[in-house]
Amino acid sequence: MEQSEFILGEYPRTLDERYRLSIPESMSDLLTGGEPKDCVLAKERPGCLSLWSGDAWEKKLEDGVNVIKEKIRAGLMDGRIGQVQMFGRLLSTRNTTVQLAGRGRLLIPDRFRPFLGVEPGHEVIVVGASVCIELWNPTQWYAYLNEQIPAFRQLFDTLAQ
């Protein structure tokens with residue numbers, strides 16, 4: 001992680017009629033360093049999109065793709081062509097470059113709208129996920145929280161060791 005501070009917080013926002021929402025400045029500044037930069041919007045799980053700094057996403061993606069390419073060159077993926085194809089399909093459709101407009105305004109691209117599952121005029125939960133910003137459909141967010149909160153203490157203790 002290149003940024004020095006975690007991106008944290010939970011903010012309800014309303015998606016406007018043009019599928020735009022405002023990212024809190026405190027979060028967007030940590031993501032972009034306060035400068036206009038390309039960001040990457042990625043499909044994480046149904047009802048959740050993540051927003052990354054372009055540099056952090058490229059590094060994360062490049063590292064993962066290089067591992068798979070090395071395994072292919074070494075012959076370790078023989079017989080797993082279906083998995084490699086699935087990886088390529090998902091990689092091709094998973095993310096797109098976006099810009100944060102003035103006041104941290106983000107336009108959700110057409111092909112990402114059904115994945116988020118929120119219509120204009122409804123709420124989106126903007127969540128700091130330490131290294132990126134997540135945009136959640138409220139129903140999926142609260143289901144995720146209900147599932148994960150009981151394990152928080154154990155996760156914190158494990159990461160702090």
Side-chain angles (χ1 to χ4, degrees), residues 1-32 38-61 63-65 67-68 82-101 103-161:
M1 187 174 101
E2 293 181 24
Q3 68 212 33
S4 61
E5 293 184 48
F6 277 175
I7 301 171
L8 300 174
E10 177 186 53
Y11 302 89
R13 292 290 191 256
T14 300
L15 196 60
D16 77 9
E17 69 282 348
R18 294 197 286 193
Y19 288 90
R20 296 176 304 181
L21 68 108
S22 178
I23 305 296
E25 187 176 348
S26 61
M27 296 175 110
S28 63
D29 282 354
L30 285 173
L31 192 70
T32 66
D38 283 346
C39 294
V40 174
L41 190 65
K43 298 171 184 170
E44 286 296 335
R45 59 190 59 80
C48 179
L49 302 173
S50 61
L51 185 64
W52 293 78
S53 80
D55 295 339
W57 179 262
E58 284 302 315
K59 171 100 173 82
K60 173 184 157 135
L61 185 62
D63 290 349
V65 168
V67 167
I68 292 169
Q83 288 178 315
V84 173
Q85 285 176 297
M86 183 186 335
F87 174 76
R89 275 189 229 94
L90 295 174
L91 185 61
S92 295
T93 61
R94 181 168 184 235
N95 61 276
T96 191
T97 301
V98 295
Q99 290 279 325
L100 289 179
R103 297 186 313 257
R105 198 168 332 150
L106 173 69
L107 172 68
I108 307 296
D110 289 346
R111 63 189 176 108
F112 285 70
R113 294 170 188 171
F115 197 81
L116 182 59
V118 176
E119 293 298 321
H122 290 97
E123 189 175 76
V124 172
I125 307 296
V126 179
V127 176
S130 299
V131 296
C132 68
I133 297 169
E134 293 180 339
L135 313 174
W136 284 84
N137 175 308
T139 302
Q140 275 79 18
W141 173 239
Y142 295 119
Y144 178 82
L145 275 181
N146 285 333
E147 181 181 312
Q148 298 300 322
I149 282 288
F152 174 77
R153 184 67 198 177
Q154 182 180 356
L155 174 64
F156 181 81
D157 290 346
T158 300
L159 291 174
Q161 289 180 358

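Throughout, residue positions are numbered sequentially from 1 according to the sequence presented.
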Decide if the gap between the ring center of Trp136 and the ring center of Tyr142 is smaller than 6.0 angstrom.
-> no
Rounding to 0.5 Å, atoms CG (Leu41) and CD1 (Ile108) come to a distance of 5.5 Å
To the nearest 0.5 angstrom, please state how far the OH atom of Tyr11 sits from the OG atom of Ser22.
-> 11.5 Å
How many angstroms lie between CG in Leu49 and CG in Asn95, if you round to the nearest 0.5 Å?
-> 11.5 Å
Is NZ or CZ of Arg45 both nearer than 6.0 Å to the six-membered ring centre of Phe115 and within 45° of the ring axis?
-> no
Rounded to the nearest 0.5 angstrom, the NZ-CG distance for Lys60 and Asp55 is 15.0 Å
Does a sphere of radius 6.0 Å around CZ in Arg18 hold more than 12 heavy atoms from other residues, nucleotides or ligands, not counting ones at 6.0 Å or beyond?
-> no
CD on Gln99 to CG on Leu107, rounded to 0.5 Å = 11.5 Å
Do Glu134 and Ser50 pass the side-chain hydrogen bond (donor to acceptor under 3.5 Å, both in side chains) test, and can you show the C-alpha distance, the side-chain angles, and the key distance before you say yes or no?
-> CA-CA 4 Å; Glu134 293 180 339; Ser50 61; 5.8 Å; no
To the nearest 0.5 angstrom, please state how far the CH2 atom of Trp52 sits from the CD atom of Glu58.
-> 12.0 Å
So, Asp157 and Arg153, do they make that salt bridge, N to O below 4.0 Å?
-> yes
Taking only residues two or more places apart in sequence or in another chain, which ones pass side-chain hydrogen bond (donor to acceptor under 3.5 Å, both in side chains) with Arg113?
-> Asp110
Verdict with reasoning, Ile133 to Val127, per side chain to side chain contact (heavy atoms under 4.5 Å, CB included) | CA-CA 6 Å; Ile133 297 169; Val127 176; over 6 Å; no
Check side-chain hydrogen bond (donor to acceptor under 3.5 Å, both in side chains) between Asn146 and all other residues, then give those that pass, not counting sequence neighbours.
-> none
